[in-house]
Amino acid sequence: MEAGAIELDGLDGGCALTATLESGQSYLWTRSDGLMYQAPPTEQTWYELAHEAGFLRVRRRAGRLEWEGTGDPKRVLMDRLRLDDDLPSIYAEFPEDPMLQAAINYVPGMRLVRDPPFACLISFICSAQMRVERIYGMQRALTETYGTIVPGTDAKAFPTPEALAQTTEADLRALGLGYRAPYVRETAAMVADGTDPTTAADMPYEDARSYLTQFTGVGEKVADCVLLFSLDHLEAVPLDTWIRKSIERVYPACARDSYPATSKAIRTQFGGTYAGYAQTYLFHYLRTSEDPW
DNA sequence: CCCCAGGCACCTC
DNA sequence: GAGGTGCATGGG
């Protein structure tokens with residue numbers, strides 16, 4: 001096992017770890033105290049990730065980011081938490097905007113995640129009409145039941161497309177997925193048969209969004225989530241219920257009669273290139289703050 | 001009992 | 001393409 005620590009200056013140690021991993025972006029991490037989405041962590045609490053090539057755990061302690069694990073853990077850490085993103089430069093692209101500024105001040109240093117495409121796709125198919133805490137529970141259930149054992153550990157990584165393709169709709173309904181069960185199974189089968197969501201990473205943004213909607217259970221909103229949280233399309237702005245409400249109240253000029261048109265308007269409003277970062281700060285702020293706008 | 005949750009598939013027109 | 005409807009499940 002390797003171990004180390006990263007010094008990160010400014011912006012809440014350069015990585016608001018709890019906000020990044022408990023803001024409904026990734027559903028693949030667990031906590032050593034088992035209290036994900038239930039209670040704040042302490043300096044002893046590890047965030048843990050089992051993946052196909054090993055495991056990684058990380059915690060923020062004494063102003064540093066401590067990590068340990070197997071399977072090139074530092075590289076995985078940098079990749080999954082986008083630690084190479086230059087946050088001050090990203091903030092500088094945002095408009096002068098009181099609500100957006102309040103959202104950044106709420107969790108300065110929060111980062112986007114970079115999840116593997118298949119796991120991200122399934123996670124957000126499950127997100128339809130569902131609270132963040134329950135989406136998390138579904139992904140835990142899928143992993144515990146159909147996941148892959150990480151060699152040398154008792155931890156399980158998110159299931160492969162093949163593993164989920166071999167389930168039945170009834171199997172997945174038994175895990176509480178409800179009407180999302182057939183969507184998950186069919187999309188897993190499509191990926192197992194060779195339709196690769198990663199292809200969208202190299203396409204122009206709007207083409208990429210359209211491409212992802214070929215998967216069952218994936219509409220424009222879920223496609224935007226996968227583009228933003230997995231495929232490096234940082235301009236993607238998922239138009240969920242929270243963001244739609246804020247558009248009505250704060251950016252009424254951006255409201256249009258279709259998803260693509262509203263998307264384009266709000267992406268422009270949020271400065272284009274990193275509009276998805278702005279969306280994610282707003283989402284977390286609106287969803288969890290005691291007194292949002 | 002009601003309503004709602006990081007929407008989507010399917011059906012009309 | 002735009003607009004309505006049904007959909008599983010758990011929590012307030």
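These numbers come from a predicted model, not from an experiment. Residue numbers start from 1 in every chain, and the chains themselves are labelled A, B, ... in the order their sequence lines are given, proteins ahead of strands. When reading the values below, keep in mind they use all heavy atoms of this one structure, side chains included, and skip hydrogens, waters and symmetry mates.
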How would you label the contact of [X] with the nucleic acid (heavy atoms, under 4.0 Å): base, sugar-phosphate, or nothing?
X	result
A:S23	base
A:R180	base
A:F229	base
A:Y136	nothing
A:G217	sugar-phosphate

Suppose you measure atom [atom1] in [N] against the same atom in [M]; what distance do you get, rounded to whole Å?
N	M	atom1	answer
C:dA8	B:dC11	P	15 Å
B:dC3	C:dC7	C1'	16 Å
B:dC4	C:dG6	C1'	16 Å

Mind calculating the distance between [atom1] ([X]) and [atom2] ([N]) to the nearest angstrom?
X	N	atom1	atom2	value
A:Q38	C:dG11	CD	P	12 Å
A:E220	C:dG1	CD	P	11 Å
A:L175	C:dA8	CG	P	16 Å
A:Q139	B:dG6	CD	C1'	13 Å
A:Q129	B:dG6	CD	C1'	9 Å
A:E133	C:dT9	CD	P	19 Å
A:K245	B:dG7	NZ	P	10 Å
A:M138	B:dG7	CE	C1'	13 Å

Tell me which nucleotide among [options] gets nearest to the side chain of [X].
X	options	value
A:M130	C:dA8, B:dG6, B:dG7	C:dA8
A:F283	B:dG6, C:dA2, B:dA5	B:dG6
A:R131	B:dC4, C:dA8, B:dG7	B:dC4
A:T241	B:dG6, C:dA2, B:dG7	B:dG7

Does the plane of the ring in [X] sit parallel, tilted or perpendicular to the ring in [Y]? Use 30° and 60° as the thresholds.
X	Y	result
A:F118	A:F158	perpendicular
A:Y27	A:Y136	tilted
A:F94	A:Y91	tilted

Looking at B:dG7, does its base get a donor-acceptor pair with the side chain of A:Y179 below 3.5 Å?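 Side chain to base: pair present.
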
Is A:F124 stacked on the base of B:dG6, with ring centres under 5.5 Å apart and planes under 30° apart?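 No.
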
Whether the A:Y281 and A:N105 side chains hold a donor-acceptor pair (N or O, under 3.5 Å, no angle test) is what I'd like checked.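 No donor-acceptor contact under 3.5 Å links the two side chains.
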
Ring of A:W242, cation from A:R287 - is the NZ or CZ under 6.0 Å from the centre and inside 45° of the axis?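 Not flagged: A:R287 not positioned over aromatic ring of A:W242.
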
Taking the nucleotide of DNA chain B with the nearest heavy atom to each, does A:P238 or A:T216 sit closer to the 5' end?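 Looking at DNA chain B, the more 5' nearest nucleotide goes with A:P238.
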
5' priority, DNA chain B, between A:Y183 and A:Q279 [closest heavy atom]: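 Closer to the 5' end of DNA chain B: A:Q279.
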
Side chain to side chain, A:P197 and A:V191, heavy atoms closer than 4.5 Å: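 Yes, side chains in contact.
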
